[in-house]
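Order of listing sets the numbers, starting from 1, for every ligand and every atom in it.
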Amino acid sequence: MRQLIAGNWKMHCLMREAVALAEGVAAGAGGIAAELLVCPTALHVAAVAAALKGTPVAVGGQDCHAAKQGAHTGDIAAPMLRDAGATFVILGHSERRHDHHETDAQVRAKTVAAIEAGLTPIVCVGETEAHRSVGEEQSVVAGQLAGSLPTPFPGVVAYEPVWAIGTGKTATEADVEAMHGCIRRELLRLLGAAGAGVRILYGGSVRPANAGSLLALPEVGGALVGGASLKADDFLAIARAAVSG
Ligand code: 13P
């Protein structure tokens, strides 16, 4: 399966900056074996999708509501993202779980809505430093998977240890290998044989310098990149480190 290199632009860029960044990524995408995705803020999805039309770079949202439409001021429905040109959506990112108190049940409902709208969900899981310090990282992540994933699940999982996000700290190769193995076992348990086909991305301070070793680990199906995705050259360097096959 091709690795997926996804950029989560979070709450960064004005419109013209987002379009320029997307154009920069597309300009360097030729010859890259990995699947490429950029996720701007929802306000910029349509402009970025227009800029990327005809290129191999896909566009995704960073969240969606569980309802198709309705009286939910300030929220964005999955069919709206799809209509604006998105084909993916990140769900249950730790920043949303933290800032907006999103629960596993809400993430699952959003995931169902995304799938119904024709979007590929990227469901994020990951433990805090406090969980890891008492050896609970695998049970926490297994619980998040069980609570957040609907069955069937035609999507992607992203493992993002909370303590590695935006901190410059990366999980060790041994930590990533152990957790991705654990996630694969849980996917097989929850989804049956279909669990073998779900890509598991690693996220948390992925940089050009560490991408090669992280992306070569077993059960790593790509990367979810925050800070380094805001520079086209860095994002493309990470994508070039992806392994094909
Ligand atoms: P950083 O790459 O900035 O650590 O962010 C990771 C992340 O949260 C991607 O969703």
Under 4.0 Å, heavy atoms only, figure out whether ligand 1 is touched by the backbone of N8, its side chain, both or neither.
side chain
Side chain, backbone, both or neither: which applies to A228 and ligand 1 if a contact is any heavy-atom pair less than 4.0 Å apart?
neither
Within a reach of under 6.0 Å around NE2 of H100, are more than 12 heavy atoms found that belong to other residues, nucleotides or ligands?
yes
Could you establish whether A158 and ligand 1 come within less than 4.0 Å of each other, counting only heavy atoms on the residue side?
no
Are any of the N or O atoms of T167 closer than 3.5 Å to those of ligand 1?
no
G227 to ligand 1: N or O pair under 3.5 Å?
yes
Quick one: CG on N210 to CD on E173, what's the gap to the nearest 0.5 Å?
9.0 Å
Out of the candidates V89, I90, V48, only one should pair with C39 under the side-chain contact (heavy atoms from CB on, under 4.5 Å) rule; please name it.
I90
May I ask you to test the P121-F153 pair for a side-chain heavy-atom distance under 4.5 Å?
yes
Check whether any side-chain heavy atom of L149 lies under 4.5 Å from a side-chain heavy atom of V198, and answer yes or no.
no
Looking only at side-chain N and O atoms, does H44 offer a donor or acceptor that is under 3.5 Å from a partner on T41?
no
Suppose I only count heavy atoms of [X] and a 4.0 Å limit; which atoms of ligand 1 are within that range?
{"X": "A164", "answer": "4 (O)"}
{"X": "S205", "answer": "1 (P), 2 (O), 4 (O)"}
{"X": "L224", "answer": "9 (C), 10 (O)"}
{"X": "G166", "answer": "1 (P), 3 (O), 4 (O)"}

Ranked by distance from atom 7 (C) of ligand 1, the top protein heavy atom is E160 OE2, 3.1 Å
Atom 2 (O) of ligand 1: the protein heavy-atom neighbour that sits closest, reported with distance to 0.1 Å
G226 N, 2.9 Å
When the ring planes of H180 and Y202 are compared, do they come out parallel, tilted or perpendicular, using 30° and 60° as the limits?
tilted
With E219, the salt bridge (charged side-chain N to carboxylate O under 4.0 Å, His left out) member among R184, R185, R199:
R184
